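Remember, it's a predicted structure, so these values are computed and weren't measured experimentally. Order of appearance sets the numbers: ligands from 1, and atoms from 1 within every ligand.
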Amino acid sequence: MEPIYIFTEDERRALCGLVEAIPENPYTDYPGFQTSIARLADSQAYPRSLIDACARIRSERASGMIRTHVLRNCPVDRDLPALSPDNPLSEKHALKKTYVSEAFVALVAQLSGNPLMAYSATNEGRFFDDVIAVNRYSGTQSAMSDRDLVFHNDRSAHWARPDIVALLALRSPDEEVTYTVYIDGAELLRQLTPEYEEILRQPNFITNFNKSDLAYEATAHPILVGRSIRYVDAITNVLPAAPVAARDALIAFKSALTLGEKQRHRLLTGDLLLIENQEGLHCREKMEVRRHDRTRTRWLQKTYLFRDKRTADAYADKWHGGVPGLIAE
Ligand SMILES: [Fe+2]
């Protein structure tokens, strides 16, 4: 995908300086961190190109025409620690003492009108998650695995679902080629007959993760609800008691996934990719692996966002500890 904007070196440095000056640690003082982000957003001290890019993201998403965006050469922490694949997350929290990447994504979210979202009982309630290979997930369908990920959307079985996934590449080895692929729900619907679409809107399906780290409830569900999708390729299946037509509809959906037009993006270090989560599906494809150990150093920062403030406010009685955006589980 073409970035909608590439920050110049001067802009990147200026942004880096602004977000570096934020004193709060987003992992230990999230409310204070957000207050500083809001103050920075109001100050308009940042380059004009940032507000223009965020305005474009907001208007293109609102029109529904374009729902994936890339910003390139974004600020990323200067001194990122090397992380071992045994326990990268605890190493990150012990060694990463600057929060440039976190503050930049929070600033973009603020300027684009997309409040941040997190879950109280997931990722220890942190608003900034990491996608990096962890040995114990090797070979699984976890985002922390070291292999391809099938088409899916994040937290699709949860009663509170993220609208947008923001991925900022902190470390992306130049020699290795991994793509994030997105297909929009509207494109899937274009490929389906009204009859199959109707069957996909009935609770004829089951998504049974038999893994403790992805303990979704294995209850009957539709694949399509309004414009939202709930589907994990190769895992979502037909309920044994469902009519035969449901099997045909699932095959048609899989064909739509194969034939539909997709957007592919290779996240370079400093790329911020924003993709629609509920109304589309995404996957990870390792296109060229030259050295497996080097591919495993790819490190993305993942943040969930609400579509807009109104959507976030609908969960206001669910905030854990009164922290806006933190869903009580
Ligand atoms: Fe995902």
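- In this structure, the separation between CD on E276 and CD1 on I229 is 8.5 Å, given to the nearest 0.5 Å.
- Identified under the side-chain hydrogen bond (donor to acceptor under 3.5 Å, both in side chains) test for residues 106-117, with sequence neighbours left out: none.
- Pairs of residues two or more places apart, or lying in two chains, that qualify as side-chain hydrogen bond (donor to acceptor under 3.5 Å, both in side chains) and include a residue from residues 35-46 are E24-S36.
- Excluding waters, the count of protein N/O/S atoms less than 2.8 Å from the Fe ion (ligand 1) comes to 3.
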Check residues 315-322 and write down every donor-acceptor pair under 3.5 Å in which the side-chain atom is one partner and the other belongs to a residue at least two apart or another chain.
none

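- Cation-pi contact between R155 and Y304: absent, since separation from the ring centre below 6.0 Å together with deviation from the ring axis within 45° is not met.
- Looking at Q191 and S255, their side chains never bring a donor and an acceptor atom within 3.5 Å of each other.
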